[in-house]
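Before any comments, here is the structure.
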Amino acid sequence: MAATYDFPRDLLAGQEELRQVQAELSALLRRLPWSVEPLDGFSDDTGWRLVERPASPGWTDDEQAEVEKLRRREHELVVFVSTHRYWADLAGADRVQARSRLKHTHGTPPGEREPFP
């Protein structure tokens, strides 16, 4: 039988926000042009597969700022979740299993969530 873990509410909230920030960042990066700076398109068939890119207008200052904001928040959340005091009570394989389980836990019900700092 799989072990169950009683994750603290702030840890669950941090993990849930991390998941949301990562999804938002991923969606934003998919929408943006492939190059931050304006670049001409290219086609390269000298490797093992054809690589083609259309011309890129680059990112606007607002788009760059939004990516930077999301990356900064993602970093803060990763540090919070990975260094949370909860992990000190677990050792070895238990800690690894608990961290893996947390990634597949979808937090507490929305009405019971505490705001994450």
Side-chain angles (χ1 to χ4, degrees):
M1 181 171 169
T4 59
Y5 300 96
D6 188 22
F7 297 117
R9 292 164 55 117
D10 65 333
L11 181 56
L12 287 168
Q15 179 65 39
E16 184 61 28
E17 185 179 349
L18 175 59
R19 184 179 296 109
Q20 292 170 0
V21 167
Q22 288 172 330
E24 188 176 340
L25 178 59
S26 180
L28 176 61
L29 291 172
R30 278 193 302 274
R31 285 193 313 268
L32 292 175
W34 63 270
S35 174
V36 177
E37 300 295 325
L39 287 176
D40 293 334
F42 67 89
S43 179
D44 181 3
D45 63 355
T46 60
W48 61 276
R49 67 183 178 105
L50 176 65
V51 177
E52 293 183 310
R53 294 279 190 265
S56 172
W59 297 359
T60 66
D61 290 340
D62 288 342
E63 290 168 337
Q64 290 181 43
E66 182 66 17
V67 168
E68 180 60 29
K69 181 181 112 182
L70 288 170
R71 285 183 173 156
R72 194 174 312 115
R73 186 61 180 153
E74 179 185 35
H75 180 262
E76 291 169 356
L77 290 164
V78 165
V79 169
F80 173 79
V81 169
S82 64
T83 63
H84 193 279
R85 65 190 173 280
Y86 177 78
W87 306 121
D89 295 336
L90 299 171
D94 288 338
R95 184 180 297 170
V96 172
Q97 186 177 12
R99 285 181 187 250
S100 180
R101 183 68 49 89
L102 177 66
K103 290 178 183 180
H104 299 285
T105 301
H106 293 287
T108 56
E112 297 178 18
R113 286 193 189 133
E114 294 176 6
F116 181 75

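Evaluation of the salt bridge (charged side-chain N to carboxylate O under 4.0 Å, His left out) test over residues 26-48, restricted to residues two or more places apart or in two chains, returns none. Here salt bridge (charged side-chain N to carboxylate O under 4.0 Å, His left out) pairs that include residues 49-71, with residues two or more places apart or in two chains, are Glu66-Lys69, Glu68-Arg72.
Taking hydrophobic clusters as Ile, Leu, Val, Met, Phe, Trp and Tyr residues chained together by side-chain heavy-atom distances below 4.5 Å, Leu39 does not share a cluster with Leu32. No single ILVMFWY cluster, assembled from side-chain heavy atoms under 4.5 Å apart, contains both Leu18 and Val79.
The ring-ring contact (aromatic ring centres under 6.0 Å, His included) search around Trp34 returns Phe42, not counting sequence neighbours. Legend: residues meeting ring-ring contact (aromatic ring centres under 6.0 Å, His included) with Phe7, ordered by chain and number and at least two apart, are Tyr5, Tyr86. Evaluation of the ring-ring contact (aromatic ring centres under 6.0 Å, His included) rule for His84 yields Phe80 as partners, not counting sequence neighbours. Contacts of Val21 classified as side-chain contact (heavy atoms from CB on, under 4.5 Å), with partners at least two apart in sequence or in another chain: Glu17, Leu70, Arg73, Glu74, Leu77.
Taking Ile, Leu, Val, Met, Phe, Trp and Tyr as hydrophobic and joining them when side-chain heavy atoms fall under 4.5 Å apart, one finds Val96 isolated, its cluster having no other members.
Summarising the geometry, atom CG belonging to Asp94 is positioned 11.0 Å from atom CZ belonging to Arg101; distances are rounded to the nearest 0.5 Å. Here Leu11 contributes atom CG and Thr105 contributes atom OG1; the two are 9.0 Å apart, rounded to the nearest 0.5 Å. Taken from CD in Glu24 to CG in Leu29, the straight-line distance is 10.5 Å, to the nearest 0.5 Å. Note that CZ of Arg95 is 14.5 Å distant from OG of Ser100, once rounded to the nearest 0.5 Å.
Contact check for Val67 versus Val36: no side-chain heavy atoms found under the 4.5 Å cut-off.
Between the side chain of Trp87 and the main chain of Val81, a donor-acceptor pair closer than 3.5 Å is present.
Scanning both residues, Pro33 and Gly58, for their nearest heavy atoms gives CG-O, 3.5 Å.
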